[in-house]
Every structure is written in structure tokens, then in C-alpha cells.
Protein chains: 2
Amino acid sequence: MATIYDVSVMAGVSLATVSRVMNNNTKVSDRTKQKVLDAMQTLGYRPNTIAQSLASNCSNSVGVLVSQLDGPFYGPMMTEIETALRSANKHVIIAAGHSDEAQEKDSVEFLMSRGCDALILDVEAVSDDYLIELSKGPTPIVLINRYIDAIKERCVYLENELGGFMATDYILSLGHTHVAYISGPLFKLDVRDRLKGHKRALAQYNVPFDESLHYESDFKEAGGSDAMEHLLSLNTPITAVVCANDQMASGAIAVCLEHGLRVPDDISFIGYDNIPFPQYISPKLSTVSNPINEMGKMAARWVLQQVYNNQEMTVDSSFKPELFIRTSAKQID
Amino acid sequence: MATIYDVSVMAGVSLATVSRVMNNNTKVSDRTKQKVLDAMQTLGYRPNTIAQSLASNCSNSVGVLVSQLDGPFYGPMMTEIETALRSANKHVIIAAGHSDEAQEKDSVEFLMSRGCDALILDVEAVSDDYLIELSKGPTPIVLINRYIDAIKERCVYLENELGGFMATDYILSLGHTHVAYISGPLFKLDVRDRLKGHKRALAQYNVPFDESLHYESDFKEAGGSDAMEHLLSLNTPITAVVCANDQMASGAIAVCLEHGLRVPDDISFIGYDNIPFPQYISPKLSTVSNPINEMGKMAARWVLQQVYNNQEMTVDSSFKPELFIRTSAKQID
DNA sequence: CTGTTAGCGCATTCAC
DNA sequence: GTGAATGCGCTAACAG
């Protein structure tokens, strides 16, 4: 690998000059600049980013920590982050936290020791206090999918309470009154917010919240199936079920179909997240959008703006959910 | 941030000694070692990995290039890679190639200039020759999902021809003779291999391959839907359709259901990949497995073994598909 | 077993 | 505008 030294010799200039044309901060005469460029060209010179990082104390890398890499959820987010950062010549180092406090903290340590210039975090297990403390440290952080008032300018989040409200409001507007709710793990803030929205919609329609019709599940397909089996075993009349995400909705619908129930004729469904898959099955799942990809993009832009001083970035931090009406829920007679 | 120098002063030893206890390559007396460890502890010392990389010419990072970050496919693979590498304290830098030759090459350049110690590539657009050339370069590469004879020891792949055969063989064993085939983009090798296997099974059952029943699609749900619409518009008798992946199968099934066809009573389906989602819809999709996560793990192990000289790693490079019989295909009368 | 001495490749003051 | 010198934090011979 050719180094900056080789280039300087070939171009007949000093090391410093070569460095200058690379970063074009300082003025260099056009003639010398051209000589350097030519030398770089013929030598096939590629700067050593490690050395650049050490000398400049800037690694040009940002760490991204997500709960998990698989599932329909984080892929789109990672895509947007990678695209945005890559076009600014920054690179993305990933780590998974698996919704476990120890692993999340460990990952943060890992990424920081890796010299990341900033961290984009989608974490669920660590405490608010931990994150607030972290935000005071030398490495800037942005939070996706989490709202902490004390550091709200570092949060990119979805208004989950509103989304929860919208989903149930839609179902109730269709005339349903016997509605079950399959929630995700209640230790997660967004899960509690969605549930809160659900209850608010119920209250607005004067439908009492029936705890026996609320099942706490795990956000996965199989969990949705289990939840539905349970609800069905209750032998209570249920005409609609609101699910806290699309994956559980899919699992729940599958169970209903197996039991000979028709969807939406016998029972209506609505999901949450608007992941791609359930749009292509039958019935097509009505849902509330979770623009996770947009949030990823925003987080990346925040970093570009705040950390790399890219001026022309505009950053929105709060996202509103949107209702997507398809064919999994129908008006009740 | 405390540096190695601070530690050495506090411990009353030389820089080199501190370095030694960090890497514990060389023997250091227990007493001095303890002094160093204590100093590190009280200073909260974290080694600067950038400096380590520059000095040792080893960045402890491996680049992973995939076609895309979203979709049901690469997530599980990334998960395994991250887990395997992370536990060896290596980090993962990701990039997306988007199945485009220019972007793939660009990403490779990007990762190499980032000082990656090795590259794990899941690429489809670049030529074999390019990869062969790359493999001669200074940065070791492993290929996932691709078999190139000249560098087969660097390939981790699935026997796609066999998988294609198994899927169709199963359908034919059920008595079907009017079977359509929805393939992925034919410029991809794995797609051609699966099709080849399909034809081999057909030949074995003396069922002629009907080109009009073959539709080239794009591996996506919507593409599967389009394909199915087309096949249905043919008004040819079709009792089964073999799909080159599960996503297209899902899209195709949805179309059939919308047209009032019952699956599998009126028309049978089989997919390919065994992604999680279609297991939870109705009917549950029969399919052929594509252990992409295992392949990811293997690629990571290859890197650990070949590049980081981790001895106790065993590496298998070739994977065989497996048939998963669920409920989307039935015996024909 | 431990200390000394060079760099790794580049950015960045300072002079000129 | 350009060059010389210094150092980023650490590893790796080489001595002792």
C-alpha cells in the first residue's frame, strides 16, 4: 500500500502538502495540487483511515446498537442509517443488545472503546438514568425509539400512545365493543404507551377495559398464536382484537383461521408497525405505521449535523403514526 | 482518557510492560502484572483501539457486505456473524451492495480502506473474475452464498441445485403434473441453480418443462403476486406452483386466495428459504431450508480461524438444504 | 522478565 | 503557499 510519503516523493512536495490536498482545508496552488493528484492516481493511493483517525482523533465511524439484527424491524432502519452515513463517508459499526441490560451496557462499552465518534442507540433494558449519564460523556449519543425528557433533544421517537389510540379508535369506530388486546412485553416503554392509547380510546367510547381480555405476549408470531389460543379458550365473545405489533397479529390470525373463524367476517384484527410481510397475505392486515426507517434516517442525520457539523441537515425528532386500512377489520352489524 | 503512559507511570513500570500485560503474549511476573492491573483499574484505563490498530497493523474489524440489510434474509445472518465475531472481540462493519455491480465494488473499496482485516461478502453482481482477483489481494475474503471453483476454499454456500430438486421432487411425489415455477432474477447464480434442480426433478418424473409456466420474478412478495396473476390469466390447468423463495410464494398464495382458490385444496405451493414469517400464516408454507444463519456463522468462523488464527474452529463450507413439509401442498387425487 | 527505542501513517502547529 | 518538525497511543524488535 502506498503511503502519503510515497505520494509526496513522487509529486516532489512535502508530506504536509499531500495531506492538505486530501483534506483541502488550506489553500494549495492549483499546480502543486495537480501534481499531487496525479501522483495519487498513478500510485493508486488510498489514505489509511486508521492513521487518519489516530492523528485527527476522529474515527469517522458511528456505532449502532439495536436490540436485534433479525426480524422485520431493524433491517429497514439499518438500511437507512447505513445509506445516510455511507454517503458522508462515515462507517457503521453494529452491535446487538438483545434487550438485556448487561449486554446493552457491554455493547455500549464495546462501541466506545472502538473509538466511535457517536452512538445511535435503540435500547430497551437500560435505565433512563444510565442514558442520561451516558449523554454527559465525551461520546455523543442519539436514542431511537425512546423518549427521555431530560435529554429530549437526543431522542428520535414515535408517538406510541397516539398510535395505540388510533388503532383502537379505528376498531371502535367500526362498532366493535368486545375487543381483546394482545400487548408486547410490558417492561418496554413503547408497549406501555400503546396500551395507554388503547385504554384512552376505550374510555372515549365508554367501553370498559377488561383485564381478562388483555394478554401480555412477546412481539413474536408464535407469541401471538399463543395469545389467541388463550383468548379463544375463554369462550367470551370477542369480535375484534387489537395487537401491539404486526407479527403477533399474524400469529393470532393464523390461529383463528385454523379454528375455522373467518377474518374479518367473524373476527376483526388490527396490527401495529406496518411491516412489509402481512401486506401480502390474506387478509391484508390493517395496521398503524411505525416509520422506523425514517427514524433511522433521522438519527443518522442528527449525527451528521451534531457531530460532523454538516450544516444542511434538518432533523425532526418526533414521528406520528399513520393508520393503514386494509382488509383485516370490518364494520360490525 | 488515560493512556498507556499514565498507567506505566502509576505502576512504576515501562510502557512496554503495560502493553505486555494487555496482550499477555510475553511472560510478566505476577507482581508487576498486578501493579499494572491495579493502575489500570484505578485510572479506568481503556486501550485506544485505533492506536492499537495502527501499531499492530490489525484493526480487529471485519467488513460484511450484503445485498441488502432489510428483508427477512440477512438479519439472521448478521446476527450470527455479529455474535461470533463479537465474542472474539472483533467488530463488524457493515455495508450494503444492493445487488449492483458498481455499489458492490465501491463497498469493497470502502471496507478495505477502512482497514478491515477480512471481508465477508454476499455479493451477486460482481463477476467471478473480480472476486478471484480480490482473493489474491492482501485482505482475505470469504464468500457467502456463492460458489466459485477456483477459490472454493473461500466459499460458504448452499447446494441450491439440490434444493431446487427437492422442492419439485416433493411436489411431483404428491402426484402433481401441472406445475408452474416462479423463479427469482435469472442473473443470480443461485436462482439458476434452483431452476436447474427443478428441471432435473421434472425430467426424473418424465414431466416436460413448459416454458410458459415459468415466470421470472424478483424474489419479493409483490413480484410473487404479479407472477401468480400472470399464471392465472393463462387459463391453463395448474395444480401446483413451485416458488424460488418464500416471499414470492406468500405473494402468490395471497393472490390465489383472493381469487377464491383454496390452498392447498385447489392449488398446492412450496417455497424456498424457510424464513420465519410464512410459518405463521395460514396455510403454513411448506418449503426447503436455506440455513443462511448457519452460513453466516461459518463465514465468521472461517475468518476467526484463517485470519485471527483461532485454532479450535471447525469450518464447513457446504450446506445441504432440508425439506420442511407443512400444509401448503397436498396429494392430488 | 523488563526497559529502550523506533516507527505505524497521517494531521497539524510552526516557521519560512 | 509550502516545508520541517512533532506527536496521536500503542506494538514490536532489540538489548540487557
Side-chain angles (χ1 to χ4, degrees), chain A residues 1-40 43-61 89 112-117 138-139 308-309, chain B residues 1-40 43-61 89 112-117 138-139 308-309:
Chain A
M1 262 312 197
T3 76
I4 197 174
Y5 176 76
D6 301 322
V7 176
S8 75
V9 171
M10 174 167 243
V13 298
S14 75
L15 285 178
T17 302
V18 178
S19 178
R20 287 189 184 103
V21 345
M22 291 183 54
N23 305 310
N24 50 205
N25 307 324
T26 326
K27 291 249 70 72
V28 177
S29 78
D30 284 350
R31 232 168 52 79
T32 41
K33 178 185 238 170
Q34 197 51 51
K35 281 194 301 187
V36 172
L37 257 19
D38 288 344
M40 285 186 180
L43 283 170
Y45 170 74
R46 318 263 313 159
N48 179 325
T49 57
I50 306 278
Q52 285 180 318
S53 297
L54 184 60
S56 66
N57 194 31
C58 166
S59 70
N60 284 310
S61 71
N89 236 311
M112 301 222 304
S113 82
R114 239 52 211 190
C116 292
D117 298 329
T139 308
Y308 296 117
N309 302 314
Chain B
M1 260 315 196
T3 74
I4 197 174
Y5 176 77
D6 302 322
V7 177
S8 75
V9 170
M10 172 167 245
V13 297
S14 72
L15 284 178
T17 302
V18 178
S19 178
R20 286 188 184 102
V21 344
M22 293 183 51
N23 306 308
N24 51 204
N25 306 324
T26 325
K27 291 248 73 66
V28 178
S29 79
D30 284 351
R31 232 169 51 80
T32 41
K33 178 185 239 172
Q34 196 52 53
K35 281 194 301 187
V36 172
L37 257 19
D38 289 345
M40 285 186 180
L43 285 170
Y45 171 74
R46 319 261 316 158
N48 178 324
T49 57
I50 306 278
Q52 287 180 316
S53 298
L54 184 60
S56 66
N57 194 31
C58 167
S59 69
N60 284 310
S61 71
N89 235 311
M112 300 223 302
S113 82
R114 240 49 208 183
C116 291
D117 298 330
T139 308
Y308 296 116
N309 303 312

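Side chains included, hydrogens not; waters and symmetry mates left out as well; all remaining heavy atoms used. Here is how names work: the chains are called A, B, and so on, in the same order as the sequence lines, proteins then strands, and each is numbered from 1.
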Quick check on B:N23: does its CG atom have over 12 non-hydrogen neighbours (other residues, nucleotides or ligands) under 6.0 Å away? yes
Test item: A:S56 side-chain N/O and A:Q52 main-chain N/O as donor-acceptor pair under 3.5 Å: yes
Mind calculating the distance between CG (A:L54) and C1' (D:dC8) to the nearest angstrom? 4 Å
Rounded distance (Å) that lies between atom C1' of C:dG7 and atom OH of A:Y5: 14 Å
Under-4.0 Å side-chain N/O to phosphate OP1/OP2 contact, A:Q52 with C:dC10: no
Contact class for B:V13 vs. all strands (heavy atom < 4.0 Å): base, sugar-phosphate, or nothing? sugar-phosphate
Residues in residues 26-34 of chain B with a heavy atom under 4.0 Å of DNA chain D, by number, are none
For the residue pair B:V36 and B:M22, establish whether any side-chain heavy-atom pair is separated by less than 4.5 Å. no
Partner of A:D117 under side-chain hydrogen bond (donor to acceptor under 3.5 Å, both in side chains), picked from A:S61, A:S53, A:S59, is A:S59
Taking for each residue the nucleotide of DNA chain C bearing the nearest heavy atom, is the 5' side occupied by A:I50 or by A:N25? A:I50
Does the side chain of A:T17 reach to within under 4.5 Å of the side chain of A:K33, using non-hydrogen atoms? no
Counting only heavy atoms not in A:D38, do more than 12 fall under 6.0 Å of its CG? yes
Tell me what B:T17 touches on the nucleic acid: a base, only sugar-phosphate, or nothing, going by heavy atoms under 4.0 Å. sugar-phosphate
Measuring from the side chain of B:S19 (C-beta onward, heavy atoms only), which nucleotide among D:dC10, D:dT11, C:dA11 has the closest atom? D:dT11
Give a yes/no answer on whether the side chain of A:S14 brings an N or O atom under 4.0 Å of OP1 or OP2 in D:dG3. yes
Answer with yes or no whether the side chains of A:Y45 and A:D6 bring together a donor and an acceptor at under 3.5 Å. no
Using a heavy-atom cut-off of under 4.0 Å over every strand shown, decide if B:N48 touches base, sugar-phosphate, or nothing. sugar-phosphate
If you find the nucleotide of DNA chain C closest to B:L15 and the one closest to A:T3, which residue's nucleotide is nearer the 5' end? B:L15
Whole-Å gap separating P (D:dG1) and CG (A:N24): 14 Å
Please assess B:T3 against B:N48 for the test side-chain contact (heavy atoms from CB on, under 4.5 Å), listing each intermediate value before the final yes or no. CA-CA 8 Å; B:T3 74; B:N48 178 324; over 6 Å; no
Taking only side-chain nitrogens and oxygens of A:N57, does any of them come within less than 4.0 Å of OP1 or OP2 of C:dA11? no
Shortest non-hydrogen pair, B:T139 vs B:C116, comes out as CG2-O, 3.7 Å
Is the number of heavy atoms from other residues, nucleotides or ligands under 6.0 Å of A:N309 CG greater than 12? yes
Measure from CG on A:N60 to P on C:dC10 and round the result to the nearest Å. 14 Å
Atom-pair distance (CZ on B:R46; C1' on D:dC10), nearest Å: 16 Å
Five-pair end axes of the helix from C:dC1-D:dG16 to C:dC16-D:dG1, angle between them (10°): 30°
C:dG3 base to B:R20 side chain: any donor-acceptor pair below 3.5 Å? yes
Could you tell me the separation between the CG atom of A:N23 and the C1' atom of C:dA11, rounded to a whole number of Å? 7 Å
Could you tell me whether the phosphate oxygens of C:dC10, OP1 or OP2, come under 4.0 Å of any side-chain nitrogen or oxygen in A:Y45? yes
